[in-house]
Amino acid sequence: MSQSIVILTGAGISAESGLGTFRDEDGLWAQHRIEDVATPEGFAHNPKLVHDFYNARRVQSMEAEPNAAHFALAELEAKFPGTVLIVTQNVDGLHEKAGSQNVLHMHGTLHGALCHACDHRWPAPATMAPHDPCPACGTPATRPDVVWFGEMPYGMERISNALAQADVFVSIGTSGEVYPAANFVNEADMFGAHTVELNLEPSSGVSRFAETHFGPATQVVPEWVAAELTRSN
Ligand code: BJW
């Protein structure tokens, strides 16, 4: 019986809630240059463009509702006799909206603001602008509290410890193109976890998973959760 499950989620789990993925044909990176909107250099060059990009996504995510896959993971956390940790690359907040509690936002959150002068964090207003002053130090240096390319993702020590303890590692709706998340399957495997991929299509790391199920998240995630809860009880 498994005691500890670590679940990595990516944009694919929120696709059926109406939120765009990044690298699919009609994804966000087909409409915006990564260098312009998801790097510290892009933000320094044109903060208004970057704020506009995240303001639009913040509104979309506030309007979005969790889908059957988010709810299935919340049910797993509530009913599984061991621990369930969701490590999400998503910034949309839909896991919490579905009722999950043990969620680590390794790429930050659309619902947070960060002062890059003093590192103060506070809840983001619906719309942010380049000259908004930080409520703590007053500097007009506020940015979305998300992790861009070249920045260190959040919670890496906690994630490494969880992967080392995991009996099962599940990757859901992520392309496996972005590190360090793309390497979690190797870390978990090295420490002896059973590794599972649930995705619409095989990710670039598919050969590293012991078990795979392909289909829309709203189908394959509830099926896998039901099977896992049957196994554990
Ligand atoms: C469905 C579905 C449905 C669709 N149902 N599934 C060279 C080699 C290796 C690494 C590097 C390198 N050069 C640079 C790097 C490092 C760099 C990196 O990885 N670059 C790569 C591009 C090569 N990484 C970084 O810079 C990271 N930091 C870092 O490495 O720090 C140093 C460090 C050192 C040592 C240890 C630890 C760290 C930071 C990365 C930050 C990424 N930020 C973004 C933006 C966040 C804010 C925002 O949301 O705007 O994060 S980029 C974007 O990609 C976002 C996502 O979280 C991330 C991953 O995307 P995801 O979720 O996988 O989405 P997609 O679109 O790629 O895939 C969707 C999937 O869903 C697909 O598989 C579909 O099939 C599936 N799907 N519909 C189920 N209905």
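In listed order, ligands and their atoms are each counted from 1. Computation of the quantities below employed the complete heavy-atom set of this structure, encompassing side-chain atoms and omitting hydrogens, waters and symmetry-equivalent molecules.
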Test of understanding: given a 4.0 Å heavy-atom threshold, classify the contact between [X] and ligand 1 as side chain, backbone, both, or neither.
{"X": "Pro153", "result": "side chain"}
{"X": "Tyr54", "result": "side chain"}
{"X": "Leu200", "result": "both"}
{"X": "Val91", "result": "side chain"}
{"X": "Ala38", "result": "neither"}

task: Enumerate the residue pairs fulfilling side-chain hydrogen bond (donor to acceptor under 3.5 Å, both in side chains) with a member in residues 157-166, sequence neighbours excluded, ordered by first and then second residue.
output: Asn102-Arg158

Hey, is ligand 1 close enough to [X] that some N/O pair sits below 3.5 Å?
{"X": "Pro216", "result": "no"}
{"X": "Gly150", "result": "yes"}
{"X": "Trp148", "result": "no"}
{"X": "Phe22", "result": "yes"}

Ser203 heavy atom under 4.0 Å from ligand 1: no

- prompt: Mind checking whether Gly27 has a heavy atom under 4.0 Å from ligand 1?
  reply: no

Considering [options] one by one, which has a heavy atom nearer to [atom] than any of the others?
{"atom": "atom 2 (C) of ligand 1", "options": "Ser204, Ser175, Gly12", "answer": "Gly12"}
{"atom": "atom 46 (C) of ligand 1", "options": "Val146, Leu110, Val147, Thr218", "answer": "Val147"}
{"atom": "atom 33 (C) of ligand 1", "options": "His105, Met152, Glu16", "answer": "Met152"}
{"atom": "atom 48 (C) of ligand 1", "options": "Gln219, Arg57, His32", "answer": "Arg57"}
{"atom": "atom 31 (O) of ligand 1", "options": "His107, Met106, Glu151", "answer": "Glu151"}
{"atom": "atom 54 (O) of ligand 1", "options": "Gln89, Glu177, Arg23", "answer": "Arg23"}

message: Please check this pair: side chain of Asn199 against backbone of Ser175, looking for a donor-acceptor N/O pair closer than 3.5 Å.
response: no

message: Out of the candidates Val225, Asn233, Ile5, only one should pair with Phe80 under the side-chain contact (heavy atoms from CB on, under 4.5 Å) rule; please name it.
response: Ile5

message: Would you say atom 59 (C) of ligand 1 makes contact with the protein, given that contact here means a non-hydrogen protein atom less than 4.0 Å away?
response: yes

- prompt: Within a strict 4.5 Å, meaning less than it, do heavy atoms of the Trp224 and Glu211 side chains meet?
  reply: yes

- prompt: Is it true that atom NE2 of His116 has more than 12 heavy atoms of other residues, nucleotides or ligands lying nearer than 6.0 Å?
  reply: yes

